[in-house]
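Below: one structure, written as structure tokens.
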There are 2 protein chains.
Amino acid sequence: MRLVIARCSVDYVGRLTAHLPMAPRLILMKADGSVSIHADDRAYKPLNWMNPPCAVHEGDGVWTVTHERSGEQLIVTIEEILHDFTHELGVDPGLRKDGVELHLQELLAERVGTLGAGWSLVRREYPTAIGPVDILCRDAEGRTVAVEIKRRGEIDGVEQLTRYLTLLNRDPHLAPVRGVFAAQEIKPQARVLARDRGIDCVTLDYDDLRGIEPDTPRLF
Amino acid sequence: MRLVIARCSVDYVGRLTAHLPMAPRLILMKADGSVSIHADDRAYKPLNWMNPPCAVHEGDGVWTVTHERSGEQLIVTIEEILHDFTHELGVDPGLRKDGVELHLQELLAERVGTLGAGWSLVRREYPTAIGPVDILCRDAEGRTVAVEIKRRGEIDGVEQLTRYLTLLNRDPHLAPVRGVFAAQEIKPQARVLARDRGIDCVTLDYDDLRGIEPDTPRLF
DNA sequence: GTATTTATTTCGTGC
DNA sequence: GCACGAAGTAAATAC
């Protein structure tokens, strides 16, 4: 990893064209070949960058970064270098995550009883021609229910569930199928659309779910 | 901007929980208050980060970054500092972009004749209750056409156009309204859905569009 | 490889 | 401030 602080201007020509006037910035060059140009704001997002695989050619005050496959270019014109430091970090052991959509799905699949008393799981990732339904289950009266899970419930999720319901309701073994839209947070417009389509909305709490005993507790 | 290279482990607790084992990394602290933890790969994306506004508390080998509103936390445990450099960059003049969806829309609005001979523009960003239609125009026979423009045409774009068409077709002054889905690239599933709904698909070429004379050339 | 879905999406824009 | 759509989206995953 090489860290350069320099007064520079930058031109990008690729999927779009973009220009940065001369100013002091951080140029971050990683061991994977990537180059990114940072200002002192905009959180972690660089002003401009080039993804690997790319090649850097350091000319006389002009660094040219070329993406090997697409031909995109980042042209960095250096006026003055203020700091230049290189350090090898080695390979990172990587990040362990917990609490994303997949986990919500797993948790809820084991606890469909939280959606309604006496509900039972048919299966998780129930396959259809247009993709898998997150959870298919049956209510206490044995009627089929399709559940779509999102971390944040927006209008697209309701559209997606609607397509599944249309398809599932063509199957005489399943029909009539009703829908449940479950998310940690549901946007008002999504809620309105769901209501309009007869879909129930359920707000999920990740920590609560973790605290609830699974419907079929494991012995080991 | 402060650049620290250090052996550290990191724990994030917030929208999810995540853990990074001890390893050498770059800790990038910007003037806007953001903190990001970088490995020597993954292009410009940090392994972990905190967006502003947040506060950093430097304890004894433990830096705690707390997001002020949400309470999210990033806990950085420092084992060894290998480099520590601070430099003020000042405010960046910012990036000028060219060539994204807005430009496609502007270009096409001035050249609706490329969609069909004798077509004319009604207006760009035609307002409706559920949002603006990218382009509304009339074909050679005076029938209304709604055009949805995307850089990459996917299924969501077809859904969006469908909602507009449903709404527009309730207006007796406009109905019947048909749809055109225009994009630089259209995904197969989007194409199938569009066909199923009677929506025409058009592939746009940015460079071609720029080369075509506008329908109503300006005198100045 | 292509296609689909998620993301601590982030980021801008309009209300 | 919230809601919505776009992004040089990127990244993981299924097929």
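Quick caveat, the model's predicted, so the values are computed rather than measured. A, B, ... follow the sequence lines: proteins, then strands. Residue 1 opens every chain.
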Roughly how many Å apart are [M] and [N], using the [atom1] atom of each and rounding to a whole number?
{"N": "dT6(C)", "M": "dA7(D)", "atom1": "C1'", "result": "15 Å"}
{"N": "dA14(D)", "M": "dT8(C)", "atom1": "C1'", "result": "24 Å"}
{"N": "dC11(C)", "M": "dA11(D)", "atom1": "P", "result": "15 Å"}
{"N": "dA7(C)", "M": "dA6(D)", "atom1": "C1'", "result": "15 Å"}

Side chains of Arg42(A) and Leu47(A): does their closest heavy-atom pair fall under 4.5 Å?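 The answer is yes, as the side chains (C-beta and beyond) meet within the 4.5 Å cut-off.
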
Side chain proximity check, Ser36(A) to Leu28(A), heavy atoms < 4.5 angstrom: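 Ser36(A) vs Leu28(A): side chains touch.
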
Shortest side-chain distance from [X], nucleotide among [options]:
{"X": "Lys97(A)", "options": "dA10(D), dG8(D), dT8(C)", "result": "dT8(C)"}
{"X": "Met50(A)", "options": "dG5(D), dT10(C), dG8(D)", "result": "dG8(D)"}
{"X": "Glu72(A)", "options": "dT8(C), dG8(D), dG5(D)", "result": "dG8(D)"}
{"X": "Glu101(A)", "options": "dT10(C), dA6(D), dT6(C)", "result": "dT6(C)"}
{"X": "Gln160(B)", "options": "dG5(D), dT8(C), dT10(C)", "result": "dG5(D)"}
{"X": "Lys45(B)", "options": "dC11(C), dG5(D), dA11(D)", "result": "dA11(D)"}

Residue whose nearest DNA chain D nucleotide is more 5′ - Leu74(A) or Arg69(B): Arg69(B)

Hey, which of these two, Tyr12(A) or Glu185(A), hits DNA chain D nearer its 5' end, going by closest nucleotide? Glu185(A)

Looking only at non-hydrogen atoms, find the nearest pair between Thr66(A) and Gln73(A) and report the distance.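 Taking every non-hydrogen atom into account, OG1-NE2, 3.2 Å.
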
Base-pairing assignment for dT8(C) (Watson-Crick or G-U wobble, both under 3.5 Å): none

Over how many whole Å does the gap from [X] atom [atom1] to [N] atom [atom2] extend?
{"X": "Asn51(B)", "N": "dA7(C)", "atom1": "CG", "atom2": "P", "value": "17 Å"}
{"X": "Tyr44(A)", "N": "dT8(C)", "atom1": "OH", "atom2": "P", "value": "8 Å"}
{"X": "Leu16(A)", "N": "dG8(D)", "atom1": "CG", "atom2": "P", "value": "6 Å"}
{"X": "Asp134(A)", "N": "dT6(C)", "atom1": "CG", "atom2": "P", "value": "7 Å"}
{"X": "Lys187(A)", "N": "dG5(D)", "atom1": "NZ", "atom2": "P", "value": "11 Å"}

Sugar-phosphate, base or nothing in reach of Pro188(B), heavy atoms under 4.0 Å: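 If one applies the 4.0 Å heavy-atom cut-off, Pro188(B) turns out to touch the sugar-phosphate alone, with no base involved.
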
Can you find a side chain N or O atom of [X] that sits less than 4.0 Å from OP1 or OP2 on [N]?
{"X": "Arg152(B)", "N": "dA10(D)", "value": "no"}
{"X": "Asn48(B)", "N": "dT8(C)", "value": "no"}
{"X": "Arg42(A)", "N": "dG12(C)", "value": "no"}

